[in-house]
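For reference, the structure discussed in these notes is given below.
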2 protein chains.
Amino acid sequence: MAVKSTLRDRRRLQTSREIQRAALLLALRHGYDQVTTEMIATEAGVSQRTFFNYYLNKDAAIIGTAPCFDEDTVAWFRASSGPLLADLLQALRHLLTASDLDRGTSQLIDRLLGRSPELLPIFYGSLKRLRDQIADLAVIRLGEDARPDAELLAEAMSHALADTFRIWANDDAMSADRIVDVAAAKLQVLRGYLAQT
Amino acid sequence: MAVKSTLRDRRRLQTSREIQRAALLLALRHGYDQVTTEMIATEAGVSQRTFFNYYLNKDAAIIGTAPCFDEDTVAWFRASSGPLLADLLQALRHLLTASDLDRGTSQLIDRLLGRSPELLPIFYGSLKRLRDQIADLAVIRLGEDARPDAELLAEAMSHALADTFRIWANDDAMSADRIVDVAAAKLQVLRGYLAQT
DNA sequence: GCACAGTAATGCATACTGTGCAATATTTGC
DNA sequence: GCAAATATTGCACAGTATGCATTACTGTGC
C-alpha cells in the first residue's frame, strides 16, 4: 500500500514532532521532573488534552516511539534459514534502513539521558515492542518452550542496540548502516564475558 | 553491627509485609489497575499517607524491594581474582543465602505477573539496584571504559536471575541454593545463541 | 463550489498518584 | 515517668491521565 500523505497526516506528524521537541528542550532546560505536561502542551502550541491524544504519557513524549518490524521483514525472517543471530541482525538492518532516524532529536535525547539518569529505564523500556518482536522471531526458530531464553536474547540485543544508538547520535562520522554492526560487536564482547568460567 | 530488634523495628517489618500482602491479594482479585493506593492502605489497616511512607509508589508495594549486596560481599569480590563471571555468580550466591526469600509472597508475585503482563517491566525494573551493583563490580575488573559492556552483562545476569526466581517460586522441590546455578545455565544458553554467527 | 461524514482539537469534570507540612500518638532510652 | 526520637495521620495541593460532550476542521462525493 502506498504512503498516503494528506494535509491531515502531515499535520499530525508535525504536531507529534513539535510536542516531542518541546518536551526535550524543556526537560533539558528545567530538569525532567520540573516540566509538567501543561508546560509541554503550551510550548508546543496545543492544549493539554491534545498532548494526551498524541502521547499516552509524559515519558512517551520525551523518549518518543521506537520503530518496529514491518510485515515484509517478518516474512523474510520466516523464509530465511541462516544462523539465528545472523538473521535477527539482518532483520534489524532492514528495520534501521527503513526508518529514517533523526540525529538531531537523538542527540537531544542522549544529552537528556546524561543529565537525568533516572530516565534510562524509560529509554530502554521504549524498546519494549521491538524487544517483544525480536523474542517472537527467535521463538519461531527455537520453539515456544524456549520463550524465556528467547526473551533473554532479545533483551541483550535491544540493550546493545540502544547503547549503539547513543554512540551513533554523537558521532556524525558514523552512518546509520553501521549501528547494527557495532551492536553485534558488543554482543560478541558479552559472549566473551560469558565464556570466562 | 548486630541486628537490632526493637518493637519498633519488628512492627515496621510487619507493616511493610502486610501492605505488600494486601496489595498483591487485591491486585490478584480485582486486577492491578483497578486497585487504588487507598484500597491497599485500608486493607492493610493504615492510612494512605502511611502507605506512602513505606513505599515510594504503588509499583514498589506490589513487587517489593529486591535485595542488594552487603559490604562484605563487595569486599570479598575485590579481594578475589577468579574469572569475572564465576566471581559475580559467587557474589550472587552470598546474596541469596543472606536474604531469606519468602516463597509464598514470590508465588503471589509470579501469579500476578502471569495475569497482568504489563507489570513485567516493573518486575525487572525492581532489580535495578542489584543490576547497578553487578555492573559496578564488573567495572572494578574491566575498567571504567568498559562500563556500557559491564551494564550489558549485568542486564543479562539480572534478567536470567529474575526468570530463575519465578521458576523457584513455583517449584517447591527446588532449594534457594540452586537459583544461581540455574541462572548460570541460562546464561550459557545465551552464550550459545550469541555464538551462532 | 457545497453539503455531509469523518476526524481532530478543546474544555470541563473527575479519579487517582504522590508530596509537604503540621498535629498527634507511640516508642525508646534514661 | 519523662523527654527525645520516631511513626502515624489528616489535610491541602500539584500533577497525571481519562471520559465525555462540544466545536472546528479536513476529505469526499456530487
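First the proteins, then the strands, lettered A, B, ... as listed; each starts at 1. Please read these numbers as outputs of a predicted model, since none were measured by experiment.
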Measure the distance from [atom1] on [X] to [atom2] on [N] and round it to the nearest whole Å.
X     : N      : atom1 : atom2 : answer
A:F51 : D:dG15 : CZ    : C1'   : 12 Å
B:Q14 : D:dA7  : CD    : C1'   : 15 Å
A:L26 : D:dG15 : CG    : P     : 14 Å
A:E38 : D:dT16 : CD    : C1'   : 11 Å
B:D59 : C:dC16 : CG    : P     : 16 Å
A:Y55 : D:dT16 : OH    : C1'   : 17 Å
B:D9  : C:dT28 : CG    : P     : 8 Å
A:I19 : D:dT16 : CD1   : P     : 14 Å

Please confirm whether the shortest side-chain N or O distance from [X] to OP1 or OP2 of [N] is below 4.0 Å.
X     : N      : answer
B:S47 : D:dT8  : no
A:T36 : D:dG15 : no
B:Y54 : D:dA7  : no
A:R11 : D:dT26 : yes

(request) Indicate, with a heavy-atom threshold strictly under 4.0 Å, whether A:N57 touches base, sugar-phosphate, or nothing. (result) sugar-phosphate
(request) Ignoring hydrogens and angles, answer whether the base of C:dT27 and the side-chain atoms of B:R8 contain a donor-acceptor pair closer than 3.5 Å. (result) yes
(request) Using only heavy-atom distances, decide whether a donor-acceptor pair under 3.5 angstrom links the side-chain of B:R49 to the base of C:dG18. (result)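 Counting by modelled atom types and ignoring angles, no donor-acceptor contact under 3.5 Å is found here.
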(message) Measuring from the side chain of B:F52 (C-beta onward, heavy atoms only), which nucleotide among C:dA8, C:dG18, C:dG11 has the closest atom?
(response)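 So the nucleotide nearest the side chain must be C:dG18.
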(request) Please determine, for the side chain of A:Q48, which listed nucleotide (D:dT16, C:dT17, D:dT8) has the closest atom? (result) D:dT16
(message) According to side-chain contact (heavy atoms from CB on, under 4.5 Å), who are the partners of B:D102, at least two apart in sequence or on a separate chain?
(response) B:T105
(request) Say whether, by atom type as modelled, one donor and one acceptor occur between the side chain of B:Y55 and the main chain of B:T65 under 3.5 angstrom. (result) no
(request) Using a strict cut-off of less than 4.0 Å between a Lys/Arg side-chain nitrogen and an Asp/Glu carboxylate oxygen, indicate whether B:E18 and B:R21 qualify as a salt bridge. (result)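 So B:E18 does not pair with B:R21 through a salt bridge.
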(message) So that I can tick it off, tell me whether A:D136 and A:R131 are bridged by a salt bridge, with the cut-off set at under 4.0 angstrom between side-chain N and carboxylate O.
(response)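 No, no charged N to carboxylate O under 4.0 Å.
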(message) Using a 6.0 Å cut-off, check whether atom CG of A:L13 has over 12 heavy atoms from anything other than its own residue.
(response) yes
(message) Is it true that, when you exclude A:R93 itself, more than 12 heavy atoms of the residues, nucleotides or ligands shown sit nearer than 6.0 Å to its CZ?
(response) yes
(message) Can you classify the ring geometry of A:H159 versus A:Y124 as parallel (below 30°), tilted (30 to 60°) or perpendicular (above 60°)?
(response) parallel
(request) Quick one: the dot-bracket string of DNA chain D, using Watson-Crick and G-U wobble pairs with both distances under 3.5 Å, [ ] for crossing pairs and | for bases paired to another strand. (result) ||||||||||||||||||||||||||||||
